[in-house]
J.: 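Take a look at this one; I'll ask things after.
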Protein chains: 2
Amino acid sequence: MSGDGAAELAVGVASDRVVAELREAILDGRLPPGSRLRQEELAALLGTSRVPVREALRTLAAEGLVETEANRGAWVPWRSPAEVDLLYRMRERLEPLALEVSLPNLSPADLDRLGELQERIRTWPGVEAFLRLDRELHLAVYAGCTTEPLAGTVLRLWNATQHYRRLYMTLSGPRRHWVVNAEHDLLLDALRRRDPVDAGRLLEGHIRRTRCELARHPEVFDRGVPRS
Amino acid sequence: MSGDGAAELAVGVASDRVVAELREAILDGRLPPGSRLRQEELAALLGTSRVPVREALRTLAAEGLVETEANRGAWVPWRSPAEVDLLYRMRERLEPLALEVSLPNLSPADLDRLGELQERIRTWPGVEAFLRLDRELHLAVYAGCTTEPLAGTVLRLWNATQHYRRLYMTLSGPRRHWVVNAEHDLLLDALRRRDPVDAGRLLEGHIRRTRCELARHPEVFDRGVPRS
DNA sequence: TGCCTTGACATTGGATCCAATCGTGACAGA
DNA sequence: TCTGTCACGATTGGATCCAATGTCAAGGCA
């Protein structure tokens, strides 16, 4: 999870390091939509040759985090309001399933940890911290679901929408933060009661509400000044 | 769709050709689970160097069609009964959504084509033809859903379970084929009525029944003689 | 002036070569 | 006979070089 800074120790396979670095850079906003990803530039930046970079770009393209076109290069894709809406609808259907699979495998200690995360979320901790904690909370709910296709798909849905979640939180701020708290409290209560039906429904509603509020802020999808 | 034989014309990017060839080989059973994918071997077979092959393997790995491990190579993964069960549950949730998105975009001609496919399915046409037509029919239902993440995810779910669908059909044969026909007929009728709710429910039931029947045949998951 | 051509440059795609790692079987010792 | 070690072959990972393609701007022609 940590292991953030100064990964110049060059441990592991280069391609995988490149994938991890790029994924992180895209998710934390350093590479917003529209960013072009030049192979040579990235290779120099990450201290490898272009080969691992190319493999990493293929991987990320298959994940949907970057787009590539033959002989034209790779870049971080923009997403339309309709596409993000659909990504949220997919989450509404898949995440309750992931929860249902996960819940029996969550220990009381796991549930306690969820509570701690929510306590740190409760007092609006700022946009970046909220994004990090909220993501960690939700993904921790699915930690008991280790089956790759489902866990991986859910993760990709989160990744694909991360940028727009950030923009939305930035402009909405803590205004309706109490709603999130209430929803999280109810969700965690249902989890402690080991009730996947109740929890699933709350989760679906939580995602659906977010989708609807996001739909009322189309300015999130405005393409600002293009970045190099 | 066609373009099967003798693709030595070397059109397009080599990596993409390799991806397409491998995907096809895995889906049509030439590369069953357990098959090891040696880079040099594939490169020679497809008339390229190892570089495009490596990129293709990364792509397919991200798609879940192959598994790779650093310094150990790539192979077609086995899937456990629990994993396939979960893949079907994901389909039950996602395909009705894809249908809902797609239906408004399907023309009467598209619906006619679905009917033609079902007519060719009606008289048990043998395992391979059934697999091909059934897949084509279902994916044609979602043809109006062009949004990549959903369409792509649905396609991956189909791809990931193709091998086990084949094994199941092989051993079950035409015995309960009338059920498929009835379900398809009802589904197509609901589509012609432009009723996404009804169609979605029928679709979910269709997938769910398949999942349950598959669950009663664990021998499908037996690992036969390992292939080279 | 406007549009098309053309050429140089930037960038990506592919092939070959070298390095690192893994698996396997032979061999020595207990 | 069993086990641990070592060395070799097989295979994958990475770097460099070359080819192909795309971009873009300058210049010629209508």
Side-chain angles (χ1 to χ4, degrees), chain A residues 7-23 25-26 31 33-78 226-228, chain B residues 7-23 25-26 31 33-78 223 225-228:
Chain A
E8 298 304 14
L9 293 177
V11 60
V13 179
S15 320
D16 295 334
R17 273 187 301 129
V18 177
V19 169
E21 292 280 345
L22 282 180
R23 195 189 282 128
I26 293 170
L31 291 173
S35 305
R36 177 140 182 222
L37 304 171
R38 267 171 264 263
Q39 297 175 2
E40 200 131 17
E41 192 179 317
L42 296 173
L45 204 65
L46 300 172
T48 69
S49 82
R50 277 175 46 219
V51 175
V53 173
R54 279 166 57 180
E55 294 179 2
L57 290 175
R58 298 282 297 207
T59 297
L60 293 168
E63 278 184 25
L65 266 187
V66 314
E67 266 182 16
T68 66
E69 209 164 321
N71 290 312
R72 295 212 32 205
W75 57 90
V76 182
W78 297 97
R227 305 221 341 197
S228 62
Chain B
E8 298 303 15
L9 293 176
V11 61
V13 180
S15 319
D16 296 333
R17 271 187 302 130
V18 176
V19 169
E21 292 281 344
L22 282 179
R23 193 187 284 129
I26 293 171
L31 291 173
S35 306
R36 175 135 183 227
L37 304 171
R38 268 172 263 263
Q39 298 175 2
E40 200 133 15
E41 191 178 320
L42 296 173
L45 203 64
L46 300 172
T48 70
S49 81
R50 278 175 46 219
V51 175
V53 173
R54 280 167 56 182
E55 293 179 2
L57 291 175
R58 298 283 298 208
T59 298
L60 293 169
E63 278 184 24
L65 266 187
V66 314
E67 268 182 14
T68 66
E69 209 165 320
N71 291 313
R72 295 212 31 200
W75 57 91
V76 182
W78 297 97
R223 304 190 176 187
V225 282
R227 306 223 336 199
S228 64

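Within every chain, numbering begins at 1; the chains are lettered A, B, ... in the order of the sequence lines, protein sequences first and strands thereafter. The basis for the numbers below is simple: all heavy atoms, side chains too, and nothing from hydrogens, waters or symmetry mates.
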J.: If you measure from the Lys or Arg side-chain nitrogens to the Asp or Glu carboxylate oxygens, is any gap between A/Glu41 and A/Arg36 under 4.0 Å?
T.: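 Salt bridge flag = no for A/Arg36 with A/Glu41.
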J.: Rounded to the nearest angstrom, tell me the gap between atom CD in B/Glu40 and atom P in D/dT12.
T.: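 Spelled out: CD on B/Glu40 to P on D/dT12 is 8 Å.
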J.: Could you give me the CA-CA distance, side-chain angles and deciding distance for A/Arg58 and B/Asp16, then say whether salt bridge (charged side-chain N to carboxylate O under 4.0 Å, His left out) is met?
T.: CA-CA 10 Å; A/Arg58 298 282 297 207; B/Asp16 296 333; 3.2 Å; yes
J.: Taking all non-hydrogen atoms of both residues, which atom of B/Pro77 and which atom of B/Gly64 are closest, and how far apart?
T.: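 Scanning both residues, the minimum pair turns out to be CG-O, 4.1 Å.
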J.: Is A/Leu42 close to A/Leu37 at the side-chain level, that is, under 4.5 Å between some pair of heavy atoms?
T.: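 A/Leu37 vs A/Leu42: side chains touch.
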J.: Between D/dT16 atom C1' and A/Gln39 atom CD, what is the distance in whole Å?
T.: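 Distance, rounded to whole Å: 14 Å.
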J.: From CZ of A/Arg38 over to P of D/dT21, roughly how many Å is that when rounded to an integer?
T.: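 Roughly 21 Å, once rounded to whole Å.
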J.: Between atom CD in A/Glu41 and atom P in C/dT12, what is the gap in whole Å?
T.: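 Result: 9 Å.
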J.: Report the distance from atom CZ of A/Arg17 to atom C1' of D/dG13, rounded to the nearest whole Å.
T.: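 To the nearest whole Å, that distance equals 12 Å.
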J.: Among D/dT11, C/dA15, D/dG13, which is the nearest nucleotide to the side chain of B/Thr48?
T.: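 For B/Thr48, the side-chain atoms sit closest to C/dA15.
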J.: Could you check which of D/dT21, D/dG14, D/dA15 has an atom nearest any side-chain atom of A/Asn71?
T.: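 Taking heavy atoms from C-beta onward, the closest nucleotide is D/dT21.
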J.: Classify the side chain of A/Arg72 versus the base of C/dG13 as yes if they form a donor-acceptor pair under 3.5 Å and no if they do not.
T.: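 Side chain to base: no pair below 3.5 Å.
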J.: Specify the separation, in whole Å, of atom CZ of A/Arg36 and atom P of C/dA10.
T.: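 About 13 Å, once rounded to whole Å.
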J.: Output the single nucleotide from C/dG13, C/dT11, D/dG14 whose closest atom is nearest the side chain of B/Val13.
T.: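 Of all the options, the side chain of B/Val13 is nearest to C/dG13.
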J.: Tell me if the side-chain of B/Arg50 makes a donor-acceptor pair with the base of D/dG13, cut-off 3.5 Å, by modelled atom types.
T.: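 Side chain to base: pair present.
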J.: With sugar-phosphate meaning primed atoms plus P, OP1 and OP2, does A/Leu57 contact a base, only sugar-phosphate, or nothing at under 4.0 Å between heavy atoms?
T.: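 The residue A/Leu57 makes no contact with any strand.
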J.: Counting only side-chain N and O atoms of B/Ser15, is one of them less than 4.0 Å from OP1 or OP2 of C/dG13?
T.: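 Checking B/Ser15 against C/dG13: no side-chain N or O falls below 4.0 Å of OP1 or OP2.
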J.: Is there a donor-acceptor pair closer than 3.5 Å between any side-chain N or O of B/Thr59 and the backbone N or O of B/Glu55?
T.: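 Such a contact is found between B/Thr59 side chain and B/Glu55 backbone.
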J.: I need the CG-C1' distance between B/Leu37 and D/dT12, as an integer number of Å.
T.: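 Atom CG in B/Leu37 sits about 13 Å away from atom C1' in D/dT12.
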J.: What's the CZ-P distance between B/Arg58 and C/dG13, to the nearest Å?
T.: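 Result: 16 Å.
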J.: Mapping B/Val51 and B/Gly73 onto DNA chain D by nearest heavy atom, which one lands closer to the 5' end?
T.: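 Checking each residue's closest nucleotide, the 5'-ward one belongs to B/Gly73.
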J.: What's the closest nucleotide to the B/Pro52 side chain, out of D/dA15, C/dG14, D/dT12?
T.: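 Among D/dA15, C/dG14, D/dT12, the one nearest the side chain of B/Pro52 is C/dG14.
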